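None of the values given here were measured: they were computed from a predicted structure. First listed ligand is number 1; within each ligand, the first listed atom is number 1.
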Amino acid sequence: MLFGSSVGKKVLMATTGLILVMFVIVHLIGNSSVFVGPDGINAYAAKLHSLGPVVWLFRLVMLGVFLVHIWLGIKLTLENKMARPVEYAQKKNLRTSYAAQIMIYTGIVLLIFVIYHLFHFTVRVTNPDISNLVDAAGRMDVYSMVVLSFQKFFIALTYVIAMVFLLLHLSHGIGSMFQSSGLNNARTLPTIETVGKWIAIVLMVGYVSIPISILVGIVKL
Ligand code: HEM
């Protein structure tokens with residue numbers, strides 16, 4: 001069976017990774033509407049919530065993709081370890097970057113972040129006092145929830161640290177998607193790795209700009 005083989009698993013890992021990266025890009029574009037003010041992000045959230053069952057279908061698909069990605073990540077890491085049970089006496093990681101070696105750890109931190117993030121902004125149980133407000137137009141006040149959250153230093157810091165892990169995970173992950181799916185060769189490898197790193201940097205800077213702009217008072221109520 002294709003997906004039982006190591007190549008199949010890598011292709012599936014790359015495909016689920018690509019879908020997750022696309023989500024992260026679209027989510028950042030949506031979140032950037034916080035810079036427009038309450039009418040930006042509250043209108044955007046109201047539009048999303050009005051899609052009803054479509055949102056739930058999307059959430060289910062994304063959950064499936066996320067779980068498959070995590071399961072394969074753990075499996076491939078264990079398989080790699082079993083293929084080399086005794087550590088080399090002298091470890092030389094010629095082409096393997098630091099980000100590549102720590103993929104499983106950066107992935108675990110991101111998983112913990114996503115669980116916290118869902119409790120924070122989607123289920124809204126971590127800060128209930130500021131999470132169920134309604135704006136003047138009768139919409140869920142996502143703007144106030146986000147601003148009041150990131151005005152708290154430790155919440156902003158948690159997000160900034162998580163985004164550094166996102167940078168580490170994606171700076172290797174995007175390039176390796178092409179490697180795993182065979183859409184790469186020795187000539188294109190350096191370019192793809194560089195482009196992957198830059199996409200990861202742009203995403204991190206974009207995401208981090210939200211809690212930082214709020215913490216320093218550029219975006220406020
Ligand atoms: C500064 C960074 C971020 C901010 C301000 C932010 C903001 C939000 C908000 C406001 C929601 C709730 C949307 C709503 O119910 O209307 C949300 C949901 C979500 N966020 Fe984020 N987010 C950030 C980073 C991330 C990152 C890096 C990821 C993934 C690695 C992520 C994954 C999700 C997911 C999976 C949901 C649930 C989507 C749904 O309800 O269907 N977020 N985010």
Q: For V55, what are the other residues in its hydrophobic cluster, where any two members join if their side-chain heavy atoms are less than 4.5 angstrom apart?
A: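 Reading the cluster by chain and number, V55 sits alongside Y44, L48, L51, V54.
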Q: Is the Y207-Y159 ring centre distance short of 6.0 angstrom?
A: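 So the answer is no for these two rings.
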Q: Under a 3.5 Å threshold, I'd like every N/O contact between ligand 1 and protein atoms, with atom names and distance.
A:
from	atom 1	to	atom 2	distance (Å)
ligand 1	15 (O)	H49	NE2	3.2
ligand 1	16 (O)	H49	NE2	3.0
ligand 1	20 (N)	H27	NE2	2.9
ligand 1	20 (N)	H117	NE2	2.8
ligand 1	22 (N)	H27	NE2	2.9
ligand 1	22 (N)	N31	ND2	3.2
ligand 1	22 (N)	H117	NE2	2.8
ligand 1	40 (O)	R59	NE	3.2
ligand 1	40 (O)	R59	NH2	2.8
ligand 1	41 (O)	R59	NE	2.7
ligand 1	42 (N)	H27	NE2	2.9
ligand 1	42 (N)	H117	NE2	2.8
ligand 1	43 (N)	H27	NE2	2.8
ligand 1	43 (N)	H117	NE2	2.8

Q: Check this for me: does any side-chain nitrogen of one of D129 and R124 sit under 4.0 Å from a carboxylate oxygen of the other?
A: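 Salt bridge absent between D129 and R124.
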Q: With rounding to the nearest 0.5 angstrom, report the CD1 to CG distance, I102 to L168.
A: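 Between I102 CD1 and L168 CG, I get 5.0 Å after rounding to 0.5 Å.
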Q: With a sphere of 6.0 Å drawn around CZ of F35, does it hold more than 12 non-hydrogen atoms of other residues, nucleotides or ligands?
A: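 Yes, the 6.0 Å shell around CZ holds more than 12 heavy atoms from other groups.
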Q: Using a cut-off of 6.0 Å, state whether more than 12 heavy atoms not belonging to F150 lie near its atom CZ.
A: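 Yes, enclosed.
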